[in-house]
Amino acid sequence: QVRPVESGGGSVQAGGSLKLSCVASGYISGRCGMAWYRRVSGKDRELVSRIYDDGTIIYDDSVKGRFTISQDNAKNTLYLQMNNLKIEDTAVYYCAVECPSGDSDLHTYWGQGTQVTVSS
């Protein structure tokens with residue numbers, strides 16, 4: 001069983017920076033990707049950034065140029081460097097390990113989330 005655990009959240013002023021970390025315990029296949037999602041209060045969870053098993057990275061347009069996702073060589077630790085934070089970045093941030101299950105299915109292992117609050 002894979003269990004991601006996030007850390008690094010907190011409260012910052014707009015324009016500031018935070019770095020989130022995620023450490024995933026359990027066996028992670030080399031075919032798994034890892035991702036950061038966030039949920040703004042009252043809204044659906046949305047993808048922030050993902051790193052695929054081959055190293056390809058995608059970002060949501062809202063964070064492109066401000067956030068950077070990275071992964072340790074062991075592939076069980078994920079980071080999200082967040083710069084120039086905006087009030088609208090306020091959310092609970094979740095780490096996810098996304099692994100293939102069968103030929104066309106994915107199984108997602110979710111962390112419990114870490115709160116990021118950006119104030120003016």
Side-chain angles (χ1 to χ4, degrees):
Q1 185 83 328
V2 176
R3 184 190 178 196
V5 178
E6 305 93 338
S7 62
S11 298
V12 297
Q13 294 191 57
S17 298
L18 281 174
K19 186 175 183 179
L20 306 183
S21 298
C22 169
V23 178
S25 63
Y27 174 72
I28 301 175
S29 167
R31 302 299 300 170
C32 298
M34 295 185 74
W36 289 101
Y37 292 77
R38 66 186 179 188
R39 181 189 292 144
V40 176
S41 182
K43 295 182 177 294
D44 293 335
R45 184 154 50 190
E46 64 181 9
L47 177 67
V48 177
S49 182
R50 174 183 288 128
I51 181 165
Y52 292 89
D53 60 323
D54 66 355
T56 303
I57 292 170
I58 60 169
Y59 294 98
D60 184 79
D61 286 342
S62 67
V63 306
K64 189 174 182 179
R66 300 188 297 119
F67 291 10
T68 302
I69 192 171
S70 60
Q71 188 177 38
D72 277 0
N73 191 44
K75 299 183 69 175
N76 70 329
T77 304
L78 190 71
Y79 305 97
L80 186 68
Q81 178 66 52
M82 305 184 294
N83 296 327
N84 192 24
L85 283 160
K86 303 177 179 180
I87 293 175
E88 53 263 42
D89 294 320
T90 296
V92 178
Y93 284 72
Y94 297 89
C95 177
V97 180
E98 302 167 328
C99 303
S101 179
D103 291 334
S104 59
D105 292 330
L106 287 174
H107 185 83
T108 303
Y109 300 92
W110 293 101
Q112 293 186 4
T114 185
Q115 176 72 48
V116 172
T117 302
V118 184
S119 61
S120 62

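Hydrophobic cluster membership differs between V92 and V48, with clusters built from Ile, Leu, Val, Met, Phe, Trp and Tyr side chains linked at under 4.5 angstrom. Cluster annotation: V23 and V97 are assigned to distinct hydrophobic clusters (Ile/Leu/Val/Met/Phe/Trp/Tyr, side-chain heavy-atom contacts under 4.5 Å, transitive). Note: the hydrophobic cluster containing L85 also contains Y59 (ILVMFWY, side chain heavy atoms under 4.5 Å, direct or indirect links).
Atoms OH and CD, on Y93 and Q115 in that order, are 9.5 Å from each other to the nearest 0.5 Å. How far CE of M34 is from CZ of R50: 12.0 Å, rounded to the nearest 0.5 Å. Remark: D89 CG to R38 CZ distance equals 5.0 Å, nearest 0.5 Å. Atom OH of residue Y94 and atom CZ of residue R39 lie 4.0 Å apart, to the nearest 0.5 angstrom. To the nearest 0.5 Å, atoms OH (Y52) and SG (C32) are separated by 13.5 Å.
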- Walk me through it: do V116 and M82 pass the test side-chain contact (heavy atoms from CB on, under 4.5 Å)? CA-CA 10 Å; V116 172; M82 305 184 294; 3.9 Å; yes
- Task: Before giving the answer on side-chain contact (heavy atoms from CB on, under 4.5 Å), spell out for C22 and Y79 the whole-Å C-alpha distance, their side-chain angles and the decisive distance to 0.1 Å.
- Result: CA-CA 6 Å; C22 169; Y79 305 97; over 6 Å; no
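Identified under the side chain to side chain donor-acceptor pair (under 3.5 Å) test for residues 102-114, with sequence neighbours left out: none.
In this structure, the side chains of L78 and I69 come closer than 4.5 Å at one or more pairs of heavy atoms. Annotation: side chain of V5 is not in contact with side chain of S25 (no heavy-atom distance under 4.5 Å).
Here the side chain of T90 pairs a donor or acceptor atom with the backbone of V118 at under 3.5 angstrom. Listed for the E6 side chain is a donor-acceptor partner under 3.5 Å among the backbone atoms of G113. Judged purely by atom type and a 3.5 angstrom limit, K75 has no side-chain atom pairing as donor or acceptor with the backbone of I28. Counting only distance, with no hydrogens or angles, the side chain of D72 and the backbone of A74 share no donor-acceptor pair below 3.5 Å.
Between S49 and the options I57, I58, T68, a side-chain contact (heavy atoms from CB on, under 4.5 Å) holds for only I57.
Taking the salt bridge (Lys or Arg N to Asp or Glu O under 4.0 Å) definition, one finds that R3 meets it with nothing, sequence neighbours left out.
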